[in-house]
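This is a predicted model, so every value here is computed, not measured. Residue numbers begin at 1 in each chain, while the letters A, B, ... track the order of the sequences.
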Protein chains: 2
Amino acid sequence: MERTFPEAAPSIAPVAAALADPSRAVMCTALMDGRAWTPGELATLCGIARSTATEHLHRLAEAGITVDVRQGKHRYVTLAGDQIAELLERLAAVSGHTLPTAPSLSASDRTRRFREGRTCYKHLAGRLGLHLTDALRSHGHLDEDWRLTGAGTAWAARHRLDLSEHRGKPCLDTTERRPHLAGPLGVSLCAALFAQRWISRIGDGRAVRLTPDGRGNLRDLLQLA
Amino acid sequence: MERTFPEAAPSIAPVAAALADPSRAVMCTALMDGRAWTPGELATLCGIARSTATEHLHRLAEAGITVDVRQGKHRYVTLAGDQIAELLERLAAVSGHTLPTAPSLSASDRTRRFREGRTCYKHLAGRLGLHLTDALRSHGHLDEDWRLTGAGTAWAARHRLDLSEHRGKPCLDTTERRPHLAGPLGVSLCAALFAQRWISRIGDGRAVRLTPDGRGNLRDLLQLA
DNA sequence: CGGATGGTTCGGTGGCCGCCGAACCGTTCG
DNA sequence: CGAACGGTTCGGCGGCCACCGAACCATCCG
């Protein structure tokens, strides 16, 4: 065949191709929780043979999308870095069928809605992440440029939340399709909430819930019923 | 075959697949200049038959990556929006082999280097875009958050540059691999420079050069020889 | 009108690649 | 040691799709 492209810079095609397969896409989506998965787990998740999963992981690693750590008889796979996570976010944003974005909630069912939370590459996402972001913003703890304000710093200190980072970035949520807090501040906040046990994981997935303790302490901020 | 994935959200695979083919990747890279291309031009660029190009464009349009306008016997294709352009930028950033970034230039050959400029989805890129960004920053016209400062506003007014937008965003250059000014401010600045005829296009491509007039007026800012 | 030009449609062909199962390797554990 | 288990390699199969050329349609122009 032999077609040569006009000195076509480092083409985007190889990386895109690595993400173009449904099985690999599911794997990457799973890896977005920032945790390490084994080939076997990913095979089960995708409903394919282990051997096939191995091949896919080979390809993802070659494209620089994943990295892995070997430990005993296990191999742990993770995304190669924030850069990759951001790429996947963009891709998801473009891929998503434009879902109608829920406008405003009645204060009553707000509590119930908060149960649906999850992590997205080490920061909070889902409704929990989204509404926490909104709440911080409306209380003046987060400014327009995704930075913690003076009031926000005071609030964190008052609650013994160790926020080493004050600068955040927006992240577009895959399902909610609205930006929520990410970046260093987002990661820092998520870690602090885990440390205080105000949130905890449900099972093995990305799902996260507010603990009773967290609910009590965040009641004012989130205006829960 | 019939594999069904675990209610796998709107998958990223279809969009990735649309970008996974070398020919389509070249097309998208070309479209990054923000201008309209015809199927014929793109076919020639990729070195494929017109019929094949038509098929590719079909697929890109289906994936929501391109949109087209019909006019007479021509069909003009463009990227579907900023969201797509940003996705492509990310993809290019991940794909790119990490080129060493030229550190500092001797003031003498700076002038020559400025010739290499181009547009990147309606803002300036290439060395010209990069150094213009650096110059604005070092003169205090652009702050850390990619916003025009007071000094920057004054500078623009002094030069009759109509900058309606003051908020910018970083954009990672495909070849230079360093962020340069994009976002509303970047687009606005690029338009203003064209309006003043301080920059102009070279031929049909994305290439842009500083005009003699532009060179004179920007001499101080850019510290040209 | 009739030729030229740009774009599209339609078979047909060849190669790539996702998939599997079987065999194999390495680690862990009884 | 031998069984169990996770992971990998390998051969083979089947479907998808990028590609082309030829025929066709539409617009523009002499």
Exercise. Cation-pi between B/Arg137 and B/Trp146: NZ/CZ under 6.0 Å from ring centre and within 45° of the ring axis?
Worked result: yes
Where the side chain of [X] is defined as all heavy atoms beyond and including C-beta, which of [options] is the nearest nucleotide?
{"X": "A/Pro39", "options": "C/dG18, D/dG7, C/dT8", "value": "D/dG7"}
{"X": "B/Asp21", "options": "D/dA18, C/dG18, D/dT8", "value": "D/dA18"}
{"X": "A/Thr52", "options": "C/dC20, D/dC19, D/dG7", "value": "C/dC20"}

In whole angstrom, give the distance that lies between atom [atom1] of [X] and atom [atom2] of [N].
{"X": "B/His74", "N": "C/dT8", "atom1": "NE2", "atom2": "C1'", "value": "15 Å"}
{"X": "B/Ile48", "N": "D/dC19", "atom1": "CD1", "atom2": "C1'", "value": "9 Å"}
{"X": "B/Glu41", "N": "C/dT5", "atom1": "CD", "atom2": "C1'", "value": "14 Å"}

Problem set entry | Contacts of B/Ser188 that satisfy side chain to side chain contact (heavy atoms under 4.5 Å, CB included) - sequence neighbours left out | B/Leu163, B/Ser164, B/Glu165
Exercise. Can you name the nearest heavy-atom pair linking B/Leu221 to B/Ala135, along with the distance?
Worked result: O-CB, 3.6 Å
Problem set entry | Atom of A/Leu185, atom of A/Leu148 and distance for their closest heavy-atom approach | CD2-N, 3.9 Å
For this session: List the protein contact pattern of nucleotides 22-30 of chain D with one symbol per nucleotide (5' to 3'): B for base contact, S for sugar-phosphate-only contact, - for none; contact means a heavy-atom distance under 4.0 Å.
Result: -----BS--
For this session: Step through the shown structure and confirm whether more than 12 heavy atoms of other residues, nucleotides or ligands are within 6.0 Å of NE2 on B/His58.
Result: no
Can you sort out the partners of [X] under salt bridge (charged side-chain N to carboxylate O under 4.0 Å, His left out), two or more places apart, ordered by chain and number?
{"X": "A/Arg167", "answer": "B/Asp145"}
{"X": "B/Glu86", "answer": "A/Arg90, B/Lys169"}
{"X": "A/Arg75", "answer": "A/Asp68"}

Exercise. Of the residues in residues 53-60 of chain A, which ones touch DNA chain C at a heavy-atom distance under 4.0 Å?
Worked result: A/Glu55, A/His56, A/Arg59
Exercise. Is the centre of the A/His180 ring less than 6.0 Å from the centre of the A/His123 ring?
Worked result: yes
Exercise. OP1 or OP2 of C/dG6 sitting under 4.0 Å from any side-chain N/O of B/Thr38?
Worked result: no
For this session: Ignoring backbone atoms, test whether B/Arg70 places a side-chain nitrogen or oxygen under 4.0 Å from the OP1 or OP2 oxygen of C/dG6.
Result: no
